[in-house]
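This report concerns only the one structure given below.
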Amino acid sequence: MYQYLESRVSQSVRDFLRRAYQLEIATLVVEQPPKIEFGEYALPIAFELARKLRKAPRKIAEEIVAGIGAVPGIAGFEVAGAGYINVRVNRAEAAGALAADQTPPVQQPAGKVLVEHSSINPNKAAHIGHLRNAILGDTFVRLLHFAGRDVDVQNYIDNTGVQVADVVVGFMHVEKKSRAEIEALASAPHFDFYCWDLYARVSRWYEEDKQNLAARAAALHAIEAGNNETAKIAELISIAVLRRHLETMERLDIEYDFLPRESEILRLHFWDAAFGKLKEAGVLTFENEGKNKGCWIMRRAGTAKTGAAESAGKSGESAETAEGAEKISEDDQKVIVRSNGTVGYVGKDIAYHMWKFGLLGRDFSYRKFFRYPNAHECWISTTPSDPEADSEHPHFGDVAEIYNVIDARQSEAQNTVIEALRELGHGEAADRYTHFSYEMVALTPRCAAEMGYELSEEEKARPWIEVSGRKGFGVKADDLIDTLIASARKEVDSRHPELSDAERASIATQIAIGALRYFMLKFTKPSVIAFDFKDALSFEGETGPYAQYAVVRATNIFRKGGLDADKFLSDSAGGLSADDLAKYLDGESGNGLWELWMAAAKTSYVVAQCIATTESAYLAKHAFQLAQLFNAFYHQHPILAEPDEARKKFLLATAAVVRRELMRVLAVMGITAPPVM
RNA sequence: GGGCCCGUAGCUCAAGCGGAUAGAGCAUCGGAUUUCUAAUCCGGUGGUUGCAGGUUCGAGUCCUGCCGGGCCUACCA
C-alpha cells in the first residue's frame, strides 16, 4: 500500500513538473519524513530545482503544492521548512484498503530468476559461515517469491575439487579404510562431523611431510578422470556429505530445486563447448612467455586495460598482438587453462554460467535426489548413461536473471566470469548477472578461546578470528542449531510446564530457528559478523524471538477473546467504515495508532527495497520496528477490556492487521511464530 | 605494489540517490496499572561519525590526501 501510494505521488509530481516547467525528472527522490506529524512522504525536489529554475526553493515548493491538484489516496501536499514538500496520505482510505488486504497490481519483469546459494564443499560439516550464505540466499529467494517472481534455487556442488580429494586421501591413506568401511561410516549419523575431523587430520598429515601431497595430486587426477576406485570413493563421500548438508539446511526450512555438480560439468564436456566459443571470440589468449607460458589466459577483472607500460617490443608472435588483442601484463593475467591442459575453476564457472543463461547449447541429465516432507523434489545433475536419469525433469537453466550468493572473497573471480560473458558478446546476460556478495562470519577472540583455540597475543587484540576448515576450527551448523534449541527449550520449559514434551520441543525449535535466521539477517552484507554465542543466543531485544513474541501476543488477544484473527479481519473489519477509521486515525490524536498502521502497510515496499539493493537487513529491521510498535501499542491499549464496542473493534482490527503483516514479513525471513511463548 | 571493503555511543550494529534534531539493541541506572503471560513497556546516562582538506543551500553519506584494520591479488577451489 505504502509503495503503491508512493509511486502515485511520484508520478503526479513528475507530470506536474513536465506540465509547468517542461522538466523531465527520471528518478524523483521520495523520502520518509523524520516524524509522522510531517506526513507520510517528503519531497526535497524544490532544493534540487532552485538553481535550475533560478527561484527560491520555498517558492518552487509553493508552486508545486498549488498546482499539482488532487491525487487519489492523498489528502494533501504542504510546504515545510525551507522548501520540503510534505505529503499526507488519506489515512482512513489507506487503512481500509490494508484491512481488506487489497494488493494493488504491480507489473512483473518477465522471465525466470536463478538464485545460487550454499554451494558448500561436500567434504565436511557445514559451519556458521555456510549458514550465513544459505540464510541470505534462501531469504532472497523468499523475497523474489513474495514479489511474484518465478525462481529456481540451485546449490552448486564442487564434488571433484581439492577439498573432496583431501578427505578421500584421509580415508585411503591416513586411515587406510576400505570402500566397504567408508560406506558403513557414511551411512552412520554425523558422517559430516567425522569428515570434519578427518579433513583437519589430513591437513596436518600434509604438513608433516610434503611428500604426502603427492597423494592429493593422484586422488585429484583419479577423481577428475572418473571410472576408478578412487572416484567411486569420492562419489560416495560427497553424496553422503551432501545429504547431510541438505538435512542441516532442512532444519532451517531451506530447500533447493537443483544440485548441479562439477563432475557433470566435466563429464558432459561443458568446458569444451565453452572453450571453443571463448577462443573464437578472442576472450582467451594463449600465453607464449613468462610464468604463465603455455596457459590460456584472460584479463583479470578490475585490472585496467591501459597498462601498456613498458611492454618492450619483445613480442615476436605478431599473431597474438594483432587485432587489438593487446598484451596483458603478467600481474593482470588470470589462468583459465593450465599448461597441462586442465581447466581451472574460473573456466568451469564460465561454462556453467553460459549454461545458466542458455548460451552453451548443452544441458545436464537429471535424476531425483532428495524429497522433502512437503513432496518438493530436489534434482541432481547426472549423465545420460545413469540408469536413474529421468527425462521427465523440470526445465532448469536458460533463465533471464541470476543471483550468486557467494562471499566477498570471490568477487574478483565472479567479475572475471561476468567479463567473459560480456566479451563473448552477451552483454545483456552480463548485466543480469549479480554477484550477491557478503562478508564472512568469523569468531570473536573470546569465542575462539571458548572453542579451545589457542590465541597468540596478536590474535587476542584482533576484532575477529577467521574460521578455518583446514584446521577444523569453527562452529558447526548443526552444533549451533542444537545449542540454540537447548537454550530455547530451557526457557520454554520454565514458562510452559503444562505443555507436552513434543509441544515444548516444537516451540523451542521455532524460537531457535527464529533467533538464528534473524541473527544472520540483521547485519548488512558488507559487515563481517564476529560471531559470539552470547549474541547469537540472545532472545531479547533486537532478535527473532522478539518479533515472534509480538505475533504470539496478538494471537493471544484473539484467543482470549474467543476470536480468530484472520476470520475477524475478513468478517468484521470490512464493517469498519471510513468514518470509523478516520475517527481513530486522523489528526494529532490518531498519530500514534496511524504510525503502527503505516508500518504495517510497508511490507511490499520493504520487500521491493530489499530486492533492488540485494540487502535483506532492511527486512529484519522492518520486522523489528513493526514488532516494537506493536508491543508499545499492546501495552498502551488493553483491548479486551475496552468498553467502547466500536473502539474495541477498531483496536482488534489493528492487532489483526499488524499480526498478519508481521507474520508475512517473518515468513519472508523463513521464520514462523509459535502458538505460545 | 595493485584492486575491493570497513572505521559511527562502553560493546554490537542502523542511517534509501547527499536532506529536517545521527538512531536501535546490549550493558548501566531508575521506574511500570497483581493485565490480552514481563522473552514486554516507559525514562535517564552515553557522539567532535578515525584525521585533514574540498564540492554546495545542505556531508556519517560524494571527491582528494593521510592514519588504522580486513579480504583478494596461485598453472587451489
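Here is how names work: the chains are called A, B, and so on, in the same order as the sequence lines, proteins then strands, and each is numbered from 1. Hydrogens, waters and symmetry mates are skipped; everything else that's a heavy atom, side chains included, is used.
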Using the P atom as the point on both nucleotides, what is the distance between rG44(B) and rC26(B), in whole Å? 16 Å
Euclidean distance for P, rG10(B) against rU73(B) (whole angstrom): 37 Å
Whole angstroms only, please: what is the CD-P distance between Gln32(A) and rC17(B)? 13 Å
Ala80(A) has its side chain closest, among rA24(B), rG2(B), rA20(B), to rA20(B)
C1' atoms of rG25(B) and rU8(B), separation to the nearest Å: 15 Å
To the nearest Å, how far apart are His435(A) NE2 and rC71(B) C1'? 12 Å
Report the residue from His435(A), His117(A), Gln414(A) that forms a side-chain hydrogen bond (donor to acceptor under 3.5 Å, both in side chains) with Asn404(A). Gln414(A)
Base of rU21(B) paired with side chain of Lys35(A) (donor-acceptor, under 3.5 Å): yes
What does the B/S/- profile of nucleotides 34-41 of chain B look like, 5' to 3', with a 4.0 Å heavy-atom cutoff to protein? --BBSBSS
Would you please classify the geometry between the Trp296(A) ring and the Phe275(A) ring as parallel, tilted or perpendicular, with 30° and 60° separating the classes? perpendicular
When rounded to the nearest 0.5 angstrom, what distance separates CG in Leu28(A) from OG in Ser10(A)? 4.5 Å
What distance, rounded to whole Å, do you find between the two C1' atoms, one in rG70(B) and one in rC29(B)? 37 Å
Across the strands shown, which category fits Val337(A) at heavy-atom distances under 4.0 angstrom: base, sugar-phosphate, nothing? nothing
When the C1' atoms of rG65(B) and rA27(B) are compared, how many Å lie between them, rounded to an integer? 38 Å
Among rC76(B), rC75(B), rC17(B), which nucleotide has an atom closest to any side-chain atom of Val29(A)? rC17(B)
If we take the C1' atom in both rU49(B) and rA22(B), what is their distance in whole Å? 8 Å
Whether the side chain of Ser411(A) and the base of rC4(B) hold a donor-acceptor pair under 3.5 Å is what I'd like checked. no
Quantified in whole Å, what is the C1' atom distance between nucleotide rU37(B) and nucleotide rU33(B)? 15 Å
I want to verify a distance call: between rC75(B), rA20(B), rG70(B), whose nearest atom is closest to the Ser339(A) side chain? rC75(B)
Per nearest nucleotide of RNA chain B, the residue lying toward the 5' end, Trp464(A) or Leu43(A), is Leu43(A)
Parallel, tilted or perpendicular: which one describes the rings of Phe531(A) and Phe519(A), with boundaries at 30° and 60°? perpendicular
In whole Å, measure the gap between the P atoms of rC67(B) and rA52(B) for me. 15 Å
Criterion salt bridge (charged side-chain N to carboxylate O under 4.0 Å, His left out) on Arg409(A) and Glu439(A), from CA distance to verdict: CA-CA 8 Å; Arg409(A) 286 172 287 199; Glu439(A) 267 296 346; over 6 Å; no
Nearest whole angstrom, please: distance from the C1' of rC75(B) to the NZ of Lys293(A). 14 Å
Could Arg660(A) and Asp566(A) be called an ion pair, given the rule that one side-chain N must be under 4.0 Å from one carboxylate O? no
Given rC75(B), rC71(B), rU73(B), the nucleotide with the shortest approach to the side chain of Glu412(A): rU73(B)
Can you tell me how far P of rU12(B) sits from CZ of Phe533(A), to the nearest Å? 18 Å
Going by modelled atom types, is there a donor-acceptor pair between the base of rA77(B) and the side chain of Asn123(A) at under 3.5 Å? no
